[in-house]
Amino acid sequence: MEHQLLHTCLKSLNENNTTLSLQALASLRSLIINPNTSDSAIYSILETLTRSLQLGTNSLTTHHHILKLLTDLASHRTHLSSQILSSIHSSSLLFTESIQIATESLTSLASIANSDHNKIDDHLFMSLCFAATSTSARLRLLRNGERLGIGMHVLFTVFLGFTKDPYPYVRKASLDGLLGLCKSGNVFEDISVIEGCYFRAVELLQDNEHSVRSAAIRVVSEWGPMLIAAKEENDKIDWSNQVFVQLCSMVRDMSVEVRVEAFNALGKIKLVSEDILLQTISKKVLAIMKEKNSHGQCAAERFEILASSYAGAFVHGLEDEFHEVRKSACNSLRIHAILYAEFARQSLSLLMDMLNDDSMAVRLEALETLHHMATFECLHVQEIHMHMFLGSLLDNCDLIRSIARKIFKLVKLSDLKLFRSSIHGLLQNLERFTKDEADVFSVLFFMGRSHGNFAAHVVKEVSQEIEPVLEGKLVLDSARVAAFLVLAISAPLSQNQNGQNIPPQLFSYAVTLLGRISSALREVVDQATLLAYLSQCSRSSNRCTEVESSSLLPVVDDAVLTHSRKDVNSPVGVPMLQTGNETSKVQPVISCELEDLATSIVECQADELDEVMKSVNLILARVRDAWLLVQSRCTNVAVRALRDCKRELAMLTSASLESAGILAFTLQYLQVMKLFAKIWEHVVWKIRSDETGGLEYLFGKLDMRLRELRYRYIGFSKEEELYVLELIVVACLLRLLKVEICCSPTTMKKLSAIISHIEILNDKGTIEPSNILMDAKKTVHEIESSKAGISCSLFLITNLVDFFTLKQFSLCSRVRHINAELDVPGNDSENPLPFVSGLPVAIPLDITLYNVGSENRLWLTIRMSQESTQFVFLDLNILGGCNEVRKFTFMAPFYRTPKACSFSSWISIGMECALEDCHLVKHCGGPKRELVHLCQEKEVHLCLVRRG
């Protein structure tokens with residue numbers, strides 16, 4: 001079949017019929033991107049395309065397709081890249097009179113990344129640039145200049161010249177080119193060259209087009225520091241102030257994009273005078289600024305204008321109506337808050353106000369800034385700030401609570417009242433979110449070490465709570481008691497604990513909670529060393545001195561954990577503690593035989609899990625190959641390949657919860673890709689002509705599968721989570737392409753929420769988002785700012801979908817599956833449950849939950865029909881248990897018993913999607929968000945009790 005298709009295509013290309021030639025070229029692409037195409041066929045295609053390229057009699061459209069196919073061939077068959085580059089070089093296309101054909105050829109050369117072969121003559125590049133009358137031709141030349149090996153000074157001249165082009169997109173491309181020259185490490189020794197670029201960018205800060213102003217800000221922020229470095233030492237601070245003030249003038253721009261860029265740029269200016277920084281957080285011109293101006297009335301007026309350009313710059317940013325601007329302002333403030341103590345003190349109130357921001361991303365950024373200040377010992381919390389600060393410990397977002405606790409690890413509190421309030425806030429965090437126990441214990445340990453006297457005072461105040469109760473037994477299940485014990489054992493390690501005794505029996509009590517405490521402190525001390533320390537202190541009649549305690553418990557310092565307080569970017573080569581304590585005389589309780597047995601079991605489980613991971617990743621690698629078939633319009637073949645993957649997956653067995661979770665995730669992923677393939681055939685290729693209802697059914701099923709993929713699996717790495725979110729973004733884009741069957745505002749709201757969540761993830765790591773995620777963000781912004789709405793932006797979405805390429809996906813982390821089992825013991829059609837019509841009936845349920853945390857909101861759904869559903873909330877805090885597997889019996893009340901002799905209902909367990917704010921549902925007494933079901937529906941049979 002391959003040879004037949006190839007023969008037909010080559011025959012059509014040899015004819016002069018343009019229509020047949022274009023059809024043949026389109027068919028050749030399916031052979032090029034198919035990894036199973038034979039080498040002989042590939043070489044035949046390359047020879048034919050090269051010959052067609054040399055003829056020079058093809059139309060512009062045909063030339064475009066030939067060059068595109070050669071580019072695809074080079075990307076899929078990298079060993080042919082050099083040969084393809086040589087054929088393009090040797091053709092006459094680069095020197096043709098048609099500027100558009102020459103530009104197309106240069107674009108193809110640039111897209112084949114091979115620096116040894118894609119260089120062209122500088123004079124040819126310049127002549128093409130200045131001879132190009134088409135805007136698109138100039139854009140392509142400017143964007144590909146660096147990849148074509150053009151000399152640095154030639155590029156600089158071309159880029160600087162085209163900053164005066166009448167078309168804004170060309171001016172922006174020129175500025176981006178200048179930015180690229182600066183970032184690529186090029187050294188410009190001539191200061192006049194640097195000044196020329198900088199001042200040209202300053203001029204373009206007033207451009208009418210917002211995209212040009214944004215690009216100009218980026219150039220100023222990169223070339224400005226280069227100009228500062230080139231100046232004399234005495235002039236550096238003045239020039240640094242000038243660049244900073246110049247950027248401050250853009251923070252009130254009408255464009256959101258420009259304001260965000262302005263604050264991003266402010267964070268790149270590392271050295272600024274204190275008086276200027278203080279002026280940026282005050283809207284009124286400060287007295288200290290007026291005193292510096294003593295040059296007469298005219299100079300005073302000019303000074304007022306200059307000072308007003310940056311007065312209150314950060315205040316305006318933090319009060320901006322758009323969360324992107326507020327977030328960027330917080331980030332920029334972080335850089336400067338550690339420079340001067342007074343600026344840090346005055347900035348603190350502004351940052352504390354941001355902890356109440358509506359946007360989660362802004363609250364996170366504000367806390368990150370506070371953490372940065374605490375790391376450099378610039379955070380001095382006062383009583384007026386504590387209320388908002390402690391509120392972050394009770395936030396529903398895990399990341400916000402985590403960062404807030406990290407701040408408490410580092411912050412130095414000035415009095416006992418503040419310390420007591422902090423401890424109370426941490427205990428509230430522990431009571432409301434039990435899963436935070438380990439982290440809260442770790443924070444209490446660090447706070448006790450940093451505030452020894454305060455910790456001893458608090459322990460003394462609550463000593464009655466810690467003492468044994470109920471016939472001398474300590475309440476071991478109390479997290480509050482455990483927290484106070486952690487605080488107690490940390491106090492002797494403080495360097496400022498003077499005269500405050502910790503009763504020895506508290507260390508004995510802590511031994512009974514050794515597992516919980518050592519698990520929380522595993523980053524700083526191992527269990528054997530901790531046990532030796534507690535045992536020694538519990539036997540001491542007097543308190544241990546600070547030196548003795550430190551020798552007994554040599555924990556890792558908190559400055560080491562934060563990678564040095566003075567330089568957070570420098571690597572710290574301090575090793576963690578040794579895993580044993582050679583001085584400890586405590587013998588293990590478990591015998592060697594039991595230890596060997598436990599070790600062998602763990603090793604077997606690890607080997608089995610590794611084998612499952614390898615097999616699963618082999619299957620996942622084949623999914624991307626199947627997707628290439630979908631993009632080649634071979635959907636049926638791709639679906640068959642996915643079915644084969646499912647059959648292969650079914651042959652794998654699991655002996656542990658971890659491996660079962662990985663297999664369940666892979667099966668769900670295969671089902672999602674199968675649905676994508678079918679929808680792609682409808683929406684993109686428009687091959688099928690089914691009714692709209694069938695397509696909407698596929699979309700609904702895809703939404704449900706993706707929701708389960710996102711919420712029913714935990715333990716993802718950041719890269720894996722971004723991949724799942726990318727699939728959701730693509731699904732939203734496909735929906736927007738079929739506006740006649742969906743509610744565009746709902747889909748747009750969901751898309752915006754997903755992109756906001758992706759931004760939060762990117763801020764917490766170094767993983768770069770894929771191109772489609774970055775383009776989707778820009779497209780959403782353009783659609784939201786467009787008055788015409790979605791209809792005028794369909795072409796933007798179409799381009800995004802057309803250029804979507806499925807990335808290679810593999811599992812690296814151990815994914816866990818949130819699952820449930822539900823059973824009605826002893827109930828079937830022959831043994832129904834009795835009920836009385838009109839009265840509630842209790843349905844006994846045996847429930848098993850897997851990997852469900854107390855923060856998850858679970859609901860029982862009891863359904864008699866699609867229109868009649870009753871919801872019952874499962875309060876896990878009351879039901880108890882905190883292990884990976886929870887088993888319990890629950891009596892579910894059903895209130896809607898009908899007037900019938902018998903009836904059946906269907907019961908299932910659903911979990912609320914915590915982040916689905918765009919899909920709020922209205923149920924009286926039911927869930928507020930969409931549910932994902934954790935098990936199959938179970939049918940329950942009921943029969944009317946007949947009165948005798």
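- Going from atom CG of L426 over to atom CZ of R405 covers 8.5 Å, rounded to the nearest 0.5 Å.
- Residues R345 and H380 bring no donor and acceptor atom of their side chains to less than 3.5 Å of each other.
- To the nearest 0.5 Å, the span separating CG on L278 from CD on E342 amounts to 6.0 Å.
- Nearest approach of L418 to V381, heavy atoms of both residues: CD1-O, 3.6 Å.
- Counting only heavy atoms from C-beta outward, the side chains of D526 and S518 never approach each other to under 4.5 Å.
- Using a 4.0 Å cut-off between a side-chain N of Lys or Arg and a carboxylate O of Asp or Glu, E222 and K268 qualify as a salt bridge.
- Of the possible polar contacts, one joining the Q279 side chain to the S282 backbone as a donor-acceptor pair under 3.5 Å is found.
- If you check the side chains of Q242 and Q246, you find no donor sitting under 3.5 Å from an acceptor.
- In this structure, the side chains of L333 and F343 come closer than 4.5 Å at one or more pairs of heavy atoms.
- Using the six-membered ring where Trp is involved, F507 and Y533 have ring planes that are perpendicular, over 60° apart on the 30 and 60° scheme.
- In terms of heavy-atom proximity, L247 sits nearest to I217 at CD2-CG2, 4.0 Å.
- A heavy-atom distance below 4.5 Å is found between the side chains of L318 and C330.
- To the nearest 0.5 Å, atom CD1 of residue I269 and atom OG of residue S332 are 9.5 Å apart.
- R326 pairs in a salt bridge (charged side-chain N to carboxylate O under 4.0 Å, His left out) with only one of the listed residues (D353, D357, D320), which is D357.
- Just one residue in the list E437, R522, K409 forms a side-chain hydrogen bond (donor to acceptor under 3.5 Å, both in side chains) with S442, and that residue is K409.
- Nearest heavy atoms, F441 versus L430: CE1-CD2, 4.0 Å.
- Among residue pairs with one or both ends in residues 392-435, those qualifying as ring-ring contact (aromatic ring centres under 6.0 Å, His included) are F389-F408, F419-H451, F419-F454; sequence neighbours excluded.
- Heavy atoms from other residues, nucleotides or ligands lying under 6.0 Å from CD of Q505 number more than 12.
- S422 has its side chain within reach of M386: a pair of non-hydrogen atoms, C-beta onward, lies under 4.5 Å apart.
- For the pair L370/L348, a side-chain contact is recorded, criterion being any heavy-atom separation below 4.5 Å from C-beta on.
- Here the side chains of F244 and T280 are in contact, with some heavy-atom distance below 4.5 Å.
- Pairing each heavy atom of M447 with each of L413, the nearest pair is CE-CD1, 4.0 Å.
- A salt bridge links E365 with R334: at least one charged nitrogen is closer than 4.0 Å to a carboxylate oxygen.
- In this structure, CD1 in I276 is found 8.5 Å from OG in S240, a value given to the nearest 0.5 Å.
- Nearest heavy-atom pair across A491 and A456 is CB-N, 4.4 Å.
- The CD1 atom of I335 lies 11.0 Å from the CG atom of L266; values are rounded to the nearest 0.5 Å.
- A salt bridge is defined here as a Lys NZ or Arg NE, NH1 or NH2 lying under 4.0 Å from an Asp or Glu carboxylate O, and R401 with D439 fails to meet this definition.
- Surrounding NZ of K417 are at most 12 heavy atoms belonging to other residues, nucleotides or ligands under 6.0 Å away.
- Between the S463 side chain and the K460 main chain, a donor and an acceptor come within less than 3.5 Å of each other.
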Practice problem: Take S490 and L444 through the side-chain contact (heavy atoms from CB on, under 4.5 Å) test and state the conclusion after the steps. | Solution: CA-CA 8 Å; S490 65; L444 290 171; over 6 Å; no
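- Between F484 and V459, every side-chain heavy-atom pair lies at or beyond the 4.5 Å cut-off.
- Between V251 and F263, some side-chain heavy-atom pair lies under the 4.5 Å cut-off.
- Here K231 does not pair with D238 in a salt bridge; the nearest charged N to carboxylate O distance is not below 4.0 Å.
- In E232, the CD atom is not crowded: 12 or fewer heavy atoms of neighbouring residues, nucleotides or ligands sit closer than 6.0 Å.
- Shortest non-hydrogen contact noted between G425 and L390 is CA-CD2, 4.1 Å.
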